[in-house]
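None of these values were measured; they are calculated from a predicted model.
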Amino acid sequence: MSEESPAPQPATYELPNSELSPAAKKWTVKIIAVVAALVIFQIPLYMVGELAGKRKEQAQNVQNEIAKNWGGKQYIELAPAAAVENITARITPEIRYRGIYQAVVFSSDVKITREYKNPAPNTVGTIKLPELKSVAKASVLVNGKAVQVSENKGVLTFPLPAGDAKTEINIIARGSDGIHFTPNAAQSHIAVSGKWDSPSFAGEVLPAKRAVEKDSFSGEWHFDRFNAATKSVGVNLTISAGTYQQVERCFTYASFFLIVFFFTLLAAEMITKVNVHILQYLVAAGAPVLFYLMALAFSEKIGFTAGYITSAAVIVVMVTMYAKMFLGKLTPALTIGVVFAASYLLNFILLRMEDFALLAGTIILAVILGVLMFLTGKINRVSDNQ
């Protein structure tokens with residue numbers, strides 16, 4: 001009898017080894033730890049941001065208190081309606097300090113000429129201001145003759161004769177923040193000027209002519225029956241690049257640059273093949289978080305630009321020296337310092353690029369993401385013996 005042939009065995013296929021190499025496992029764990037640290041570090045960043053907000057609120061309270069004692073924002077309105085009016089205001093600003101806080105106050109010299117056509121008998125001219133206590137002088141000439149200026153329920157009044165009349169009004173008063181006028185004539189011309197480098201023209205209509213020089217400004221408005229304004233126009237005085245405004249804008253990019261810092265350390269570890277402990281990552285990351293607190297503290301004393309540069313220099317030196325300790329090599333530590341300094345420089349440039357900050361920040365983020373893709377693309381292909 002012939003031997004029976006053995007039954008065919010089913011074919012087997014061996015799956016490729018999909019297990020991560022030890023190196024890939026190490027980097028996976030480390031990257032997860034870094035992401036978790038990024039989330040945790042949002043807490044101190046939030047706390048520093050809250051502190052900056054409270055300091056800004058305190059500064060605003062001081063400004064309000066100074067304005068209350070000196071004089072608030074000036075809103076000047078005249079009645080009755082005139083045929084023609086010409087308003088010229090010259091303001092002299094100054095900065096008042098209380099502790100580390102400051103506020104803008106000014107003295108104004110306002111000259112107003114108005115022409116009336118046949119006002120009704122016993123018509124009374126009025127000059128309305130928010131606070132009469134800030135008025136140092138108020139004089140009125142009617143047809144070239146001085147008339148009595150009285151106060152009635154917080155409004156300055158003066159008599160107007162029957163028939164055509166021309167008035168010349170001079171008001172010298174104190175104020176803060178800004179000065180505004182409400183046009184009230186068939187034809188109005190308003191001109192405001194002063195010595196200040198950062199005016200903000202405001203109101204229902206922007207000035208037809210404006211000029212802002214290094215330390216002075218001027219603006220002019222023209223109104224007639226075709227473009228009559230019903231609300232006030234004028235200028236606000238702001239402090240250029242205010243400390244708290246700039247610090248708050250820094251926080252816009254805080255998380256972004258913290259990510260850059262963490263992955264710069266990861267890239268340095270990949271290149272040098274020095275095993276950096278996760279605790280060293282966390283300690284080093286305390287430096288960029290501390291930067292925002294330092295920038296706030298120094299900026300209150302020496303101004304934002306000087307405070308920013310000082311804080312950035314201190315943090316870059318600290319990070320570079322610490323990187324030299326745990327990497328054991330000077331060149332990669334200096335490279336980390338240079339990258340970190342460049343990130344602060346980029347942050348400062350973004351603060352100055354108000355109109356293009358989003359576009360520039362997006363481009364920078366895309367470049368950094370591309371570099372990270374290049375550095376991490378072959379992690380799972382590193383051999384086990386590495």
S.K.: Decide if atom NZ of K128 counts as having more than 12 heavy atoms of other residues, nucleotides or ligands within a radius under 6.0 Å.
M.R.: no
S.K.: For P199 versus F217, what's the shortest heavy-atom pair and its separation?
M.R.: CG-CB, 3.5 Å
S.K.: Taking atom NZ of K324 and atom CD1 of I336, what is their separation to the nearest 0.5 Å?
M.R.: 12.0 Å
S.K.: Is there a donor-acceptor contact under 3.5 Å from the side chain of T88 to the main chain of A191?
M.R.: no
S.K.: Side chain of Q74, backbone of R174: donor and acceptor closer than 3.5 Å?
M.R.: yes
S.K.: Can you run down the ring-ring contact (aromatic ring centres under 6.0 Å, His included) pairs that involve residues 72-91, sequence neighbours left out, and say none if there aren't any?
M.R.: Y75-H180
S.K.: Report the distance from atom OG of S343 to atom CG of L258, rounding to the nearest 0.5 Å.
M.R.: 10.5 Å
S.K.: Find out whether N236 and K73 are in side-chain contact, i.e. whether some heavy atom of one side chain is under 4.5 Å from a heavy atom of the other.
M.R.: yes
S.K.: To check you understand the geometry: which heavy-atom pair defines the closest contact between G163 and P119, and what is its length?
M.R.: O-CD, 2.8 Å
S.K.: Tell me whether S176 contacts the main-chain N or O of G71 through its side chain, where contact means a donor paired with an acceptor under 3.5 Å.
M.R.: yes
S.K.: Scan for ring-ring contact (aromatic ring centres under 6.0 Å, His included) pairs involving residues 41-66, sequence neighbours excluded, and state none if there are none.
M.R.: none
S.K.: Can you check salt bridge (charged side-chain N to carboxylate O under 4.0 Å, His left out) on D109 and K111, steps first, answer last?
M.R.: CA-CA 7 Å; D109 187 356; K111 293 180 170 59; 3.2 Å; yes
S.K.: Which atom names give the shortest non-hydrogen contact between A138 and V149, and what distance separates them?
M.R.: O-CG2, 3.8 Å
S.K.: Excluding sequence neighbours, so at least two apart, what forms side-chain hydrogen bond (donor to acceptor under 3.5 Å, both in side chains) with N86?
M.R.: H189
S.K.: Kindly compute the distance separating CG (L296) from CG (L51), expressed to the nearest 0.5 Å.
M.R.: 5.5 Å
S.K.: Considering the options I179, I127, N170, which one meets the side chain to side chain contact (heavy atoms under 4.5 Å, CB included) requirement together with V110?
M.R.: I179
S.K.: Between atom CG of L334 and atom CZ of F340, what is the distance when rounded to the nearest 0.5 Å?
M.R.: 15.0 Å
S.K.: So does K133 have more than 12 non-hydrogen atoms from other groups sitting under 6.0 Å from NZ?
M.R.: yes
S.K.: Is R96 salt-bridged to E94, cutoff N-O under 4.0 Å?
M.R.: yes
S.K.: Give the ring-plane orientation class for Y308 versus F348, where under 30° counts as parallel, over 60° as perpendicular and anything between as tilted.
M.R.: tilted
S.K.: Can T167 and T113 be said to form a side-chain contact (heavy atoms from CB on, under 4.5 Å), step by step?
M.R.: CA-CA 6 Å; T167 61; T113 60; over 6 Å; no
S.K.: Mind listing the closest non-hydrogen atom pair of W196 and S198 along with its distance?
M.R.: NE1-OG, 3.2 Å
S.K.: Under a single-linkage definition using a 4.5 Å side-chain heavy-atom cutoff for Ile, Leu, Val, Met, Phe, Trp and Tyr, are L38 and L282 assigned to the same hydrophobic cluster?
M.R.: yes
S.K.: Considering only residues two or more places apart or on different chains, which pairs with a residue in residues 103-143 satisfy ring-ring contact (aromatic ring centres under 6.0 Å, His included)?
M.R.: none
S.K.: Only counting residues at least two apart or in another chain, list the ones meeting side-chain hydrogen bond (donor to acceptor under 3.5 Å, both in side chains) with Y322.
M.R.: none
S.K.: OG of S311 to CD1 of I302: how many Å apart, nearest 0.5 Å?
M.R.: 7.5 Å
S.K.: Would you please name every residue forming a side-chain hydrogen bond (donor to acceptor under 3.5 Å, both in side chains) with E85, sequence neighbours left out?
M.R.: R114, S188
S.K.: Which pair of heavy atoms, one from P80 and one from G125, lies closest together, and at what distance?
M.R.: CD-CA, 4.0 Å
S.K.: Which atom pair, heavy atoms only, marks the closest approach of F304 to C250?
M.R.: CZ-SG, 3.8 Å
S.K.: Quick one: OG on S218 to NZ on K209, what's the gap to the nearest 0.5 Å?
M.R.: 10.0 Å
S.K.: Grouping I, L, V, M, F, W and Y whenever their side-chain heavy atoms are under 4.5 Å apart, do L132 and I76 come out in a common cluster?
M.R.: yes
S.K.: Could you check whether any side-chain heavy atom of I169 comes within less than 4.5 Å of a side-chain heavy atom of V140, counting everything from C-beta outward?
M.R.: yes
S.K.: Mind checking whether F181 and I172 sit in one hydrophobic cluster, side chains of I, L, V, M, F, W, Y counted as touching below 4.5 Å?
M.R.: no
S.K.: Does W70 use its side chain to pair, donor to acceptor, with the backbone of G175 at less than 3.5 Å?
M.R.: yes
S.K.: Quick one: are W221 and V192 in side-chain contact, heavy atoms under 4.5 Å?
M.R.: yes
S.K.: Decide whether L290 and L279 are clustered together by the hydrophobic rule: side chain heavy atoms of Ile, Leu, Val, Met, Phe, Trp, Tyr closer than 4.5 Å, transitively.
M.R.: yes
S.K.: Please answer: with hydrophobic residues joined when any side-chain heavy atoms are less than 4.5 Å apart, are L327 and V283 in the same cluster?
M.R.: yes
S.K.: Show your working on side-chain contact (heavy atoms from CB on, under 4.5 Å) between K195 and R90 and close with a plain yes or no.
M.R.: CA-CA 9 Å; K195 290 186 175 297; R90 178 72 180 175; 3.7 Å; yes
S.K.: Decide yes or no for N152 and T126: does some side-chain heavy atom of the first lie under 4.5 Å from some side-chain heavy atom of the second?
M.R.: no
S.K.: Are the side chains of I190 and I87 in contact, using a 4.5 Å heavy-atom criterion?
M.R.: yes
S.K.: Output yes when a side-chain donor or acceptor of D215 lies under 3.5 Å from a complementary backbone atom of D197, and no otherwise.
M.R.: no
S.K.: Side chains of L156 and I171: does their closest heavy-atom pair fall under 4.5 Å?
M.R.: no
S.K.: Just so I know, are the side chains of P159 and V142 near enough to count as touching, which here means a heavy-atom distance under 4.5 Å?
M.R.: no
